[in-house]
Amino acid sequence: MVYHLQNCKYEANKVGMNRKISMALLPIILRRFQTTFPEEKKVYLHPIMVIALQILFVLGLIVLLILFVFRITRPKRTSQLPENYKELFTDYVKFYRQLDEEGKEKFEKRADHFLSAVKITGVNAVVEDIDRLLIAAGAIIPVYSIPDWQYINLHEVLVYPGAFNADFDQGGSDRNIAGMVGSGALQHVMVITKWQLRQGFINHNDAHNTAIHEFVHLVDKMDGTLDGVPEIILERKYVPGWKQIMETTIMQMRAYGSDIDPYGATNHTEFFAVVSEYFFEQPILLKANHPQLYEMLERIYKTGE
């Protein structure tokens, strides 16, 4: 009995001793854990950085607000084509009728862009929707297959009611001009007669189109010289061949006549414009009668690619 009580006392003392040892070792163990898993350091931003971030945030909001307001208030570009433009193009422009749907859409967009960039003004003549569309068609047809073409040398088209003379006068007996690309005071201006403009698209039985003729002059003039050699669109390697075929054809026209309009034999400049009218108005006939000339014009206007 005595032994048992003493034994219990010993065991109690042993437990107490172990508890004291455990409590003594706890700080050491904790320090070991702190060494193994260091306390996460807190990161503080410098006050100047905080201010800078706040300023950037505010500026960003201001920029977004400006862009949002600008997008709402920016006027949308309106189409320059009349509501019935498809019907008018179909009725009057043979070139347009022969295009597929994708091609027609391309033609329409380029015509719209042209009318947005070039002013058309009537001089003693009322310019109607059909006149504006036919002028645009005359501009697009020669360069339809040439991507990103811009008539940077044309700012305005003046529409006269009838023929005029070399001084652009609408009166007198010497009025025999249906269209002209201006120079001097009329630089960047084209003059065309309303009657001849419409006849060029209404009459499909000949090889004449005044609008195409005058816009071909502008294409020719784009390289800086009006000489019948459109070097801006004709590859250099074909220039000698084009000059040769012009010389040969003009000589034949003067000596023996031709189905090509005699006005084309005036000089190289007029020859290029006249045969271009022929090329776009009566391509099948030109190919049959003048295959080499047709092939060269295909190279110039990129229609054979």
Side-chain angles (χ1 to χ4, degrees), residues 94-96 98-100 102-103 106-107 109-111 113-114 117 137-154 179-181 183 187-188 190 207-305:
K94 179 174 62 175
F95 184 92
Y96 174 85
Q98 295 171 345
L99 298 172
D100 58 21
E102 183 179 354
K106 173 184 171 183
F107 190 96
K109 288 181 178 179
R110 295 186 66 172
H113 181 79
F114 173 83
I140 302 306
I141 289 171
V143 295
Y144 177 80
S145 298
I146 303 172
D148 303 321
W149 178 271
Q150 303 288 336
Y151 284 101
I152 59 175
N153 54 353
L154 179 66
M180 181 180 291
V181 173
S183 59
Q187 186 76 1
H188 298 153
M190 176 190 292
H208 300 297
N209 187 301
T210 301
I212 291 176
H213 183 106
E214 296 308 321
F215 278 104
V216 167
H217 279 325
L218 288 180
V219 172
D220 182 10
K221 193 178 181 181
M222 192 72 82
D223 60 11
T225 55
L226 194 59
D227 58 359
V229 184
E231 294 187 64
I232 195 168
I233 58 175
L234 179 61
E235 291 183 58
R236 186 180 298 273
K237 63 182 178 181
Y238 295 124
V239 169
W242 173 242
K243 289 181 177 179
Q244 180 61 46
I245 199 169
M246 280 200 299
E247 285 287 350
T248 301
T249 307
I250 289 173
M251 288 177 60
Q252 291 175 346
M253 290 173 66
R254 290 172 178 173
Y256 309 108
S258 173
D259 61 316
I260 300 173
D261 189 331
Y263 186 60
T266 305
N267 52 48
H268 290 174
T269 300
E270 296 304 335
F271 176 83
F272 177 47
V274 166
V275 296
S276 293
E277 289 180 77
Y278 197 162
F279 178 74
F280 288 110
E281 288 293 295
Q282 300 292 339
I284 296 175
L285 190 60
L286 178 64
K287 186 175 183 178
N289 294 340
H290 308 276
Q292 291 182 326
L293 181 59
Y294 178 88
E295 182 181 352
M296 189 62 74
L297 289 168
E298 272 194 320
R299 291 197 178 101
I300 292 174
Y301 293 115
K302 320 299 183 193
T303 58
E305 298 178 358

* Structure fact -> G138 and A211 have their tightest heavy-atom pair at CA-CB, 4.0 Å
* Is any side-chain heavy atom of I233 closer than 4.5 Å to a side-chain heavy atom of W149? -> yes
* Asked: Hey, does L293 have a side-chain heavy atom less than 4.5 Å from the side chain of I260?
  -> yes
* Asked: Of all residues at least two apart in sequence or in a different chain, which pass the side chain to side chain contact (heavy atoms under 4.5 Å, CB included) check with H217?
  -> V181, H213, E214, L226, T269, E270, A273
* Parallel, tilted or perpendicular, as decided by the 30° and 60° cut-offs, for the rings of Y144 and F107 -> tilted
* Asked: Any side-chain heavy-atom pair from V219 and Y151 closer than 4.5 angstrom?
  -> yes
* Looking only at non-hydrogen atoms, find the nearest pair between I250 and A265 and report the distance. => CG2-O, 3.9 Å
* Asked: If you take all heavy atoms of E277 and I212, which pair is closest and at what distance?
  -> CA-CG2, 4.3 Å
* Pairing residues for E231 by the side chain to side chain donor-acceptor pair (under 3.5 Å) criterion, not counting sequence neighbours -> none
* Only pairs at least two apart or in different chains count here, so list each ring pair (Phe, Tyr, Trp, His ring centres under 6.0 Å) that has a residue in residues 255-277. => W242-F272
* Considering residues at least two apart in sequence or located in another chain, which fulfil the side chain to side chain donor-acceptor pair (under 3.5 Å) criterion with Q252? -> none
* Can you check side-chain contact (heavy atoms from CB on, under 4.5 Å) on H113 and Q150, steps first, answer last? -> CA-CA 9 Å; H113 181 79; Q150 303 288 336; 3.1 Å; yes
* D259: side chain to side chain donor-acceptor pair (under 3.5 Å) partners, not counting sequence neighbours -> Y278, N289, H290
* Which residues pass the side chain to side chain contact (heavy atoms under 4.5 Å, CB included) test with Q292, sequence neighbours left out? -> I245
* Enter the distance from L286:CG to S276:OG here, rounded to the nearest 0.5 Å. => 9.5 Å
* Taking all atoms of both residues into account, what is the closest heavy-atom pair of G241 and M296, and its distance? -> C-CE, 3.9 Å
* **Non-neighbouring partners of E295 that pass salt bridge (Lys or Arg N to Asp or Glu O under 4.0 Å), sequence neighbours left out** => R299
* **side chain to side chain contact (heavy atoms under 4.5 Å, CB included) against K243, all qualifying residues, sequence neighbours excluded** => V229, V239
* Structure fact -> Exactly one of F280, Y294, F95 clears ring-ring contact (aromatic ring centres under 6.0 Å, His included) with Y301, and that residue is F280
* Shortest non-hydrogen contact from M253 toward P262 -> CE-CA, 4.1 Å
* To do: Output all residues satisfying side chain to side chain donor-acceptor pair (under 3.5 Å) with N153, sequence neighbours left out; order by chain, then residue number.
  => none
* Asked: Would L154 and H188 count as a side-chain contact (heavy atoms from CB on, under 4.5 Å) if you check the C-alpha gap in whole Å, the side-chain angles of each, and the deciding distance to 0.1 Å?
  -> CA-CA 4 Å; L154 179 66; H188 298 153; 5.8 Å; no
* Asked: By side chain to side chain contact (heavy atoms under 4.5 Å, CB included), which residues pair with Q187, not counting sequence neighbours?
  -> S183, K221
* To do: For the pair D261 (side chain) and G264 (backbone), establish whether a donor and an acceptor sit closer than 3.5 Å, ignoring hydrogens and angles.
  => no
* Using a 4.5 Å cut-off on heavy atoms from C-beta on, say whether the side chain of D223 contacts that of P230. => no
* Asked: Of the non-hydrogen atoms in I140 and R110, which two are nearest, and what is the gap between them?
  -> CD1-O, 3.6 Å
